[in-house]
A.B. asks: 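One structure, as structure tokens, below. Some questions next.
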Amino acid sequence: MSEFITNVPTYTLNTRAVMPAVGLGTFGSDKYSPEQISAAVSGAIKAGYRMLDCASVYQNEDMIGNVLEELFKDGTVKREDMFITSKVWNDQHREVRKACVKSLRDLKLNYVDLYFVHWPFPNYHAPGCDGDSRNPDSKPFSVDEFMDTWHQLEELHDAGLVKALGMSNMTVSKLSRVLPLCRVKPAALEMECHPSFQQQELFDYAKSHDIVPIGFCPLGSPSRPERDRCSTDVADMELAEVVTVANWHNIHPATVCIKWAVQRGLCTIPFSVKESQYISNLKCTTEDPLTEEEMDLLKGAERNCRLVKGQVFLWPGATDWKQLWE
Ligand SMILES: NC(=O)c1ccc[n+]([C@@H]2O[C@H](COP(=O)([O-])OP(=O)(O)OC[C@H]3O[C@@H](n4cnc5c(N)ncnc54)[C@H](OP(=O)(O)O)[C@@H]3O)[C@@H](O)[C@H]2O)c1
């Protein structure tokens, strides 16, 4: 067996649960198969990963469940030492319990540690669609509809099927309207976050409301699907600020992105099916920290470069993906 990594930093949620600062992303970006991803989950847990970021729309929870069942059975890891998330997809906002029960059945778990509303809209597209796809039933954000979905998550929480609740792909404006209406407050906020898209205002807002931010696409999602690519996007791992710091430490730019995220106060969920990558992504948070000066330099890598624009979720009449982020 390869090395086993310990002493990964953690965050304590407002539920008092402890969540590792690094988890394995499990979205294969239409590029990696469920077999490859579940093999990586197995290898990652054996290397010391204790958090997995799952979702029903990633279409691999059943294969990941097989791996979890095997590793719990053979004593590699205990259920209570893992932190496992899942998310309700946009087409199931009116039947959240059914969606959650399906995820639990697929993952072969009695509960998940954190359950998210994946997107704050009931708008969905077929898996693998192209960027110009539109669903005529799509609608703008509605506080009432979102809260109806959230109250269903609160019931799952009451029933013990989910230990904490999370929101994802939110904005300060949306959060400020829904937070006062929540009986069970969110413990975490999943948000796109990488050096060229730091979302400082949203990050500060989450922290000030005792919500732990979890940053997705931490490496700038170099393998993201075609529908999420645009000619103006920048590559985080090629940014001068990131490359400079990488050269100073003699490390890969990916390592800089992950150290920066965790030292800034994010939980980060890099994806990889490659053993050397996922081991390095975990291990780097336990050694050789960035200096304050390097953290300051990386602040300057901000380019306001949102990668997951969500344009496939636009509703009839909406013309600009920025309308999703108001
Ligand atoms: N809540 C949401 O709406 C949402 C949206 C997007 C993502 N997510 C979550 O966030 C996770 C991460 O996002 P992501 O997968 O889009 O992007 P990412 O983690 O930024 O990028 C993953 C890619 O980076 C490369 N990579 C990984 N480790 C590396 C290393 N050490 N050195 C060099 N390259 C490395 C790999 O590319 P190659 O395979 O080409 O080597 C890998 O496929 C997802 O898997 C998912 O769980 C959530």
Side-chain angles (χ1 to χ4, degrees), residues 13-15 17 19 23 25-27 52-59 61 83-104 106-107 111-125 127 135 137-159 161-193 199 202 205-206 209-217 267 269 308-310 312-315 324-326:
L13 302 182
N14 57 23
T15 57
M19 178 175 76
T26 66
F27 174 47
L52 301 176
D53 181 62
C54 303
S56 59
V57 76
Y58 302 160
Q59 298 186 297
E61 290 191 321
F83 192 99
I84 302 169
T85 80
S86 185
K87 311 184 188 86
V88 59
W89 185 237
N90 307 4
D91 60 350
Q92 299 209 279
H93 281 196
R94 300 279 79 79
E95 39 189 10
V96 180
R97 189 180 175 98
K98 188 173 157 201
C100 181
V101 166
K102 163 98 168 69
S103 283
L104 290 174
D106 285 347
L107 290 165
Y111 67 90
V112 285
D113 296 277
L114 186 53
Y115 196 60
F116 290 97
V117 180
H118 203 148
W119 283 82
F121 312 94
N123 310 343
Y124 63 94
H125 58 79
N135 183 334
D137 297 330
S138 293
K139 305 172 191 172
F141 176 71
S142 146
V143 170
D144 288 348
E145 288 202 18
F146 182 85
M147 288 314 300
D148 177 83
T149 303
W150 190 256
H151 293 323
Q152 295 174 62
L153 270 85
E154 289 173 332
E155 283 171 21
L156 295 174
H157 183 260
D158 294 343
L161 296 181
V162 309
K163 299 288 181 197
L165 304 184
M167 299 181 185
S168 171
N169 293 304
M170 294 292 275
T171 58
V172 170
S173 156
K174 292 184 179 77
L175 279 170
S176 64
R177 283 178 280 163
V178 300
L179 284 185
L181 307 175
C182 296
R183 176 170 61 82
V184 180
K185 303 279 177 207
L189 174 72
E190 208 160 297
M191 54 191 272
E192 182 177 330
C193 214
Q199 300 217 68
L202 184 59
Y205 188 90
H209 287 79
D210 201 12
I211 300 170
V212 176
I214 301 179
F216 67 74
C217 303
C267 167
I269 46 172
V308 181
K309 299 170 183 70
V312 290
F313 302 131
L314 283 175
W315 49 91
L324 290 158
W325 303 100
E326 286 167 352

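If you read the sequence from its start, that first residue is 1, and numbering goes on from there.
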A.B. asks: Among all residues two or more places apart in sequence or in another chain, which pass the side chain to side chain contact (heavy atoms under 4.5 Å, CB included) test with Val96?
C.D. replies: Val88, Tyr115, Thr149, Gln152, Leu153, Leu156

A.B. asks: Between His93 and Asp148, does the side-chain contact (heavy atoms from CB on, under 4.5 Å) criterion hold? Intermediate values first, please.
C.D. replies: CA-CA 8 Å; His93 281 196; Asp148 177 83; over 6 Å; no

A.B. asks: What closest approach, in Å, do Leu189 and Ala206 show between heavy atoms, and which atom pair accounts for it?
C.D. replies: CD2-CB, 4.0 Å

A.B. asks: Looking at residues at least two apart in the chain, or sitting in another chain, which of them share a salt bridge (Lys or Arg N to Asp or Glu O under 4.0 Å) with Lys163?
C.D. replies: none

A.B. asks: Mark yes or no for whether Glu192, through its side chain, and Val308, through its backbone, hold a donor-acceptor pair below 3.5 Å.
C.D. replies: yes

A.B. asks: Apply side chain to side chain donor-acceptor pair (under 3.5 Å) to Glu61 and list each qualifying residue two or more places apart in sequence or on a separate chain.
C.D. replies: Ser86, Ser103

A.B. asks: Not counting sequence neighbours, which residues clear salt bridge (Lys or Arg N to Asp or Glu O under 4.0 Å) with Asp137? List them please.
C.D. replies: none

A.B. asks: So do Phe216 and Asn169 actually touch side chain to side chain, heavy atoms under 4.5 Å?
C.D. replies: yes

A.B. asks: Please identify each residue that fulfils side chain to side chain donor-acceptor pair (under 3.5 Å) with Arg97, with sequence neighbours left out.
C.D. replies: none

A.B. asks: Kindly say whether Leu179 contributes a backbone atom to a donor-acceptor pair with the side chain of Trp150 at under 3.5 angstrom?
C.D. replies: no

A.B. asks: Is there a donor-acceptor contact under 3.5 Å from the side chain of Gln199 to the main chain of Cys193?
C.D. replies: no

A.B. asks: Mind checking what makes side chain to side chain contact (heavy atoms under 4.5 Å, CB included) contact with Glu145, not counting sequence neighbours?
C.D. replies: Arg94, Pro122, Lys139, Ser142

A.B. asks: Can you give me the closest heavy-atom contact between Ala187 and Asn14, atom names plus distance?
C.D. replies: CB-OD1, 3.3 Å

A.B. asks: Taking side chain as C-beta onward, heavy atoms only, is Leu13 less than 4.5 Å from Asp113?
C.D. replies: no

A.B. asks: Taking the side chain as every heavy atom from C-beta outward, state whether Glu154 and Cys182 have any atom pair closer than 4.5 Å.
C.D. replies: yes

A.B. asks: Excluding sequence neighbours, so at least two apart, what forms side chain to side chain contact (heavy atoms under 4.5 Å, CB included) with Thr171?
C.D. replies: Ser173, Lys174, Trp325

A.B. asks: For the residue pair Phe121 and Phe141, categorise the inter-ring angle as parallel (less than 30°), tilted (30 to 60°) or perpendicular (more than 60°).
C.D. replies: perpendicular

A.B. asks: Thr85: what forms a side chain to side chain donor-acceptor pair (under 3.5 Å) with it, not counting sequence neighbours?
C.D. replies: Asp53

A.B. asks: Please examine the side chains of Ile211 and Lys185, heavy atoms only from C-beta on, and report whether any two atoms are closer than 4.5 Å.
C.D. replies: no

A.B. asks: Look only at the side chain of Asn123 and the backbone of Phe313, and say whether a donor-acceptor pair between them is shorter than 3.5 Å.
C.D. replies: yes

A.B. asks: SG of Cys100 to NE2 of His157: how many Å apart, nearest 0.5 Å?
C.D. replies: 12.0 Å

A.B. asks: Calculate, to the nearest 0.5 Å, the distance between atoms CE and SG belonging to Met19 and Cys267 respectively.
C.D. replies: 4.0 Å

A.B. asks: Could you walk me through whether Met167 and Val178 pass the side-chain contact (heavy atoms from CB on, under 4.5 Å) check?
C.D. replies: CA-CA 11 Å; Met167 299 181 185; Val178 300; 3.9 Å; yes

A.B. asks: What heavy-atom pair brings Leu114 and Gly166 nearest, and what distance separates the two atoms?
C.D. replies: CD1-N, 3.9 Å

A.B. asks: Ignoring hydrogens, what is the shortest heavy-atom contact between Trp315 and Ser138? Give both atom names and the distance.
C.D. replies: CB-O, 3.2 Å

A.B. asks: My understanding is that only residues two or more places apart in sequence, or in another chain, count here; which of them pass side chain to side chain contact (heavy atoms under 4.5 Å, CB included) with Val172?
C.D. replies: Glu201, Leu202, Tyr205

A.B. asks: Residues in side chain to side chain donor-acceptor pair (under 3.5 Å) with Lys309, at least two apart?
C.D. replies: Asp233

A.B. asks: Output all residues satisfying ring pair (Phe, Tyr, Trp, His ring centres under 6.0 Å) with His151, sequence neighbours left out; order by chain, then residue number.
C.D. replies: none

A.B. asks: Please list, chain by chain and in numerical order, all residues satisfying ring pair (Phe, Tyr, Trp, His ring centres under 6.0 Å) with His118, sequence neighbours excluded.
C.D. replies: Tyr58, Trp89

